[in-house]
Amino acid sequence: MTPATLGSTSIHPRPHHDQALIDGLQEAVWLVDARTLCVMAVNQAATQLLGLEPARLIGASMESLACTAEDALFWMEAAAGSREGLHTDTMLRRADGQMIWAARRISHMALADGDGVWLVSMRDLSRQRQHDEERETLLAELKATLESTADGILVSDLAGRMRSFNQRFASLWGLPEDLLLERNDEAVQAWMRRSVVDGVAYATRLAAIQEAPLLQTSDIIKLLDGRVLERVSLPQWSRGRPIGRVYSFRDLSEKLAASQRIDELSHTDMLTGLPNRRALAERIDYAQAMARRDASGFALLNVDLDRFKQINDTLGHSYGDRVLKEVAQRLRECLREVDTVARLGGDEFSLLVHQADARGAEHAARRVQEAMARPFSFDTLSFTVTCSVGIALFPSDGGGADELMASAERAMHWVKESGRGAFRFHQPRKHVDLLSRMRLDHAMRQALLEGQFRLHYQPQVDLGSGRVIGAEALLRWRDPLRGDIPPSEFVPVAEESGFIVAIGDWVLRQAVQQAADWLRQGRRIQVAVNVSALQFQQSQFVETVAQALKAAGLPPSLLELELTESILLRDAEEALLRLQALAELGVCMSIDDFGTGYSSLGYLKRFPIQRLKIDRSFIQGLPSDESDAGIVNAVIQMGRALRLLVIAEGVETEAQRDFLARAGCHEYQGYLFAPALETRAFEDKVWQPQLPPPRPALSPMRLVRGRAA
């Protein structure tokens, strides 16, 4: 209803007691004359409801106040004489234009003196409607949340009757739609019992849950179709007391399958399908338990393919993978079904042979060698792959999986160092020896960090003039607790652990920096640095040398790298490429301890070497030992023929020096002139004013440093 412009309709005001009567009512009320259908009286609640003053309402016709079709129709029928009342919810328009809901009741009151009056009462439903809408919204959101969850939800009362559920619940259990529409609890529960593997156990457990209203449970349910559900049951509370139970069902099938797959992957090598290192360790633990129970033993074989890197580098990794798969198949065929073949990584495999002593392990190793001896044929290509096998026996070579695998691996490395393509049993070392090496390795690493290493320099002397023309940098280590530790004690440990690379890089940088410092002082002298095999094999070795020279500002010709024969012969082609790169850099190179390895004129002609160093072991017997004298003479003559400088180390007597001079040797170093000296002592020894010592007669051929003249 809305206020309207009032007409000139005659109004018959009611007695005052009518106004007092409606003013006492809480609902909005007005009286309408049944004859004129105009408002006769209104109470205060009505004016507040519509936001109008009484003067705006009194005398207004109901036709002008009607704002809905229902209102207009009702008052038209009332004007025609209808006296039937109306009780509905309707919309009212306030004076400010706002539409509000109201519960409206219209009833006719007959009076003795006329047509009577219509009593119109209204109650504001705005707040109730707002609460209803909010409740409906909340219920809709709750229902949407229930339907959006990944879990199937079932809510039951204390008697176990279904009160509500979501579609995920119906989907998980595969409940037919017609069964759900019936809302037949017994039929639904019967369907669920028929869907599980053990229906009796399911029903028994469900009954136990329903009998305990406060019980909280979690169960695993296996369905006939293979799926696995997790059921969590919690009591439902309202106003501090339990009113029912909420069941949530989650499908664990994919999670369990993924977990199983992850477990398989964590125990399986992806390429070959063999057990991996982790799975092997577990099987070794089981084998130990069985061996202790049966008072027997077993063998562990470490199988490593020889020169497998050449296959990857030459044929590509795809061919390498095919080879590894074929190797895995051949190794399987070498063993019984109870034994295990595992891939440890790369080209390394391991064989676990149950109930095997030394003889059984040897037979297994020979079967492996025979299997690997057969040619590999892929497409049109055929080739042979050999392997090195290390054998460890339980319990003599280790009491745990890690110890046994380490023993077998050490034995395999001994085979590699001895020439490859064979097998060897582990030879135990004393525990004390291993422990001391571990401690030495740790102390050595700390020493490098704490600056305990230092360099001494041994003068290298020209035999013709007696001048010092070079210095060999030699590593020294003084431990604060143990004192001086000789290189012969810690260098082999460093080479075995690989730490020799870090030490070698430090020596290189220090020696180059010292030579640069001397050069800036006007003292031009070449410094020689020993290079280990592992250091030389590093792919970035040439770059490391170049960076050290650049950082110190030293001309490359003032650095000499001393290499052993084993370095050059291990991979001759790769060594040649690296030596050529160093030669292009301008660095001088020499062969250290010449004569102790596999000396060959072939590689001496190919490699850009400037110098041969005769090992001290051949100098000690000079001049009386005919064998040493013959070897030294042969090395000197070969060096001179190849136009290489020859230097002898370990010269301690004048007789040794004189013999070398007569034989045509160019240089020497040793205690005869000076031992390895600290930097200050070296400077005092080499550059203090002194008369040159008398020199023995030299051979007619004269050489200058770095080339023959």
Side-chain angles (χ1 to χ4, degrees), residues 143-157 160-212 215-236 244-276 278-283 285-286 325 328 332 337-338 340-343:
K143 184 176 181 181
T145 301
L146 198 64
E147 292 296 341
S148 300
T149 181
D151 295 343
I153 304 297
L154 170 64
V155 182
S156 66
D157 59 18
R161 293 184 295 268
M162 295 174 55
R163 288 168 48 201
S164 63
F165 58 86
N166 64 358
Q167 290 301 314
R168 179 60 175 164
F169 164 76
S171 175
L172 284 176
W173 286 95
L175 292 168
E177 187 173 354
D178 56 347
L179 191 63
L180 294 172
L181 293 176
E182 293 177 7
R183 307 288 291 194
N184 188 328
D185 290 358
E186 184 176 349
V188 172
Q189 291 296 344
W191 177 278
M192 296 172 70
R193 284 195 301 272
R194 291 194 301 270
S195 301
V196 301
V197 173
D198 190 344
V200 176
Y202 171 83
T204 302
R205 177 60 172 164
L206 183 59
I209 294 174
Q210 292 176 348
E211 290 176 0
L215 183 65
Q216 300 182 13
T217 66
S218 177
D219 303 285
I220 299 297
I221 302 173
K222 296 182 179 179
L223 303 186
L224 290 174
D225 60 8
R227 290 180 298 132
V228 178
L229 302 183
E230 178 189 29
R231 178 181 63 191
V232 176
S233 171
L234 297 173
Q236 185 183 33
R245 184 166 291 278
V246 178
Y247 298 91
S248 65
F249 299 87
R250 176 170 297 183
D251 191 347
L252 299 181
S253 305
E254 293 184 1
K255 181 178 180 180
L256 292 176
S259 178
Q260 182 177 359
R261 178 60 176 161
I262 291 173
D263 186 67
E264 290 176 356
L265 293 176
S266 67
H267 288 77
T268 305
D269 174 61
M270 293 293 293
L271 177 64
T272 63
L274 295 175
N276 60 13
R278 178 179 177 183
L280 177 65
E282 294 178 357
R283 298 191 185 189
D285 291 339
Y286 176 77
K325 292 179 181 178
R332 285 194 191 100
E337 291 186 3
V338 297
T340 296
V341 181
R343 184 185 177 208

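Quick note: residue numbers are just sequence positions, from 1. What you see below is based on every heavy atom in this structure, not just the backbone, and it leaves out hydrogens, waters and symmetry mates. What you see is a predicted model, and the numbers here were worked out from it, not measured in a lab.
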Results of side-chain hydrogen bond (donor to acceptor under 3.5 Å, both in side chains) for Gln189 - residues two or more places apart only:
none
Does Tyr202 reach the side chain of Ser195, with side-chain heavy atoms less than 4.5 Å apart?
no
Residue from Asn276, Thr268, Thr272 passing side-chain contact (heavy atoms from CB on, under 4.5 Å) with Arg343
Thr272
Kindly write out the residues that satisfy side-chain hydrogen bond (donor to acceptor under 3.5 Å, both in side chains) with Arg168, not counting sequence neighbours, or none if the list is empty.
none
Residues 216-227 vs salt bridge (Lys or Arg N to Asp or Glu O under 4.0 Å), sequence neighbours excluded, gives Arg205-Asp219, Asp219-Arg231, Asp225-Arg227, Arg227-Asp251
For residues 185-200, which residue pairs qualify under salt bridge (Lys or Arg N to Asp or Glu O under 4.0 Å), counting only residues two or more places apart or in two chains?
none
Are the side chains of Val232 and Ser248 in touch, meaning some heavy atoms are under 4.5 Å apart?
yes
What residues form a side chain to side chain contact (heavy atoms under 4.5 Å, CB included) with Gln236, not counting sequence neighbours?
Val155, Arg163, Ile243, Val246
Test of understanding: with side chain to side chain contact (heavy atoms under 4.5 Å, CB included), list the residues that count as partners of Ser233, not counting sequence neighbours.
Ile209, Thr217, Arg245, Tyr247
Return the set of residues passing ring pair (Phe, Tyr, Trp, His ring centres under 6.0 Å) with Phe249 (not counting sequence neighbours), or none when no residue passes.
Phe169, Trp173
Closest non-hydrogen atom pair between Val341 and Pro275, with its separation:
O-CD, 3.1 Å
What distance do Met192 atom CE and Ile221 atom CD1 have between them, rounded to the nearest 0.5 Å?
7.0 Å
Could I get the full list of side-chain hydrogen bond (donor to acceptor under 3.5 Å, both in side chains) partners for Thr340, not counting sequence neighbours?
Arg283
Atom pair CD (Glu211) and CG (Leu206), whose distance is rounded to the nearest 0.5 Å:
10.0 Å
The criterion is side chain to side chain contact (heavy atoms under 4.5 Å, CB included); which residues satisfy it with Ala187, sequence neighbours excluded?
Leu179, Asn184
Of all heavy-atom pairs between Leu280 and Ala342, which one has the smallest distance, and what is that distance?
CB-CB, 3.9 Å
Across all chains, not counting sequence neighbours, the side chain to side chain contact (heavy atoms under 4.5 Å, CB included) partners of Ile220 are Val228, Glu230, Leu252
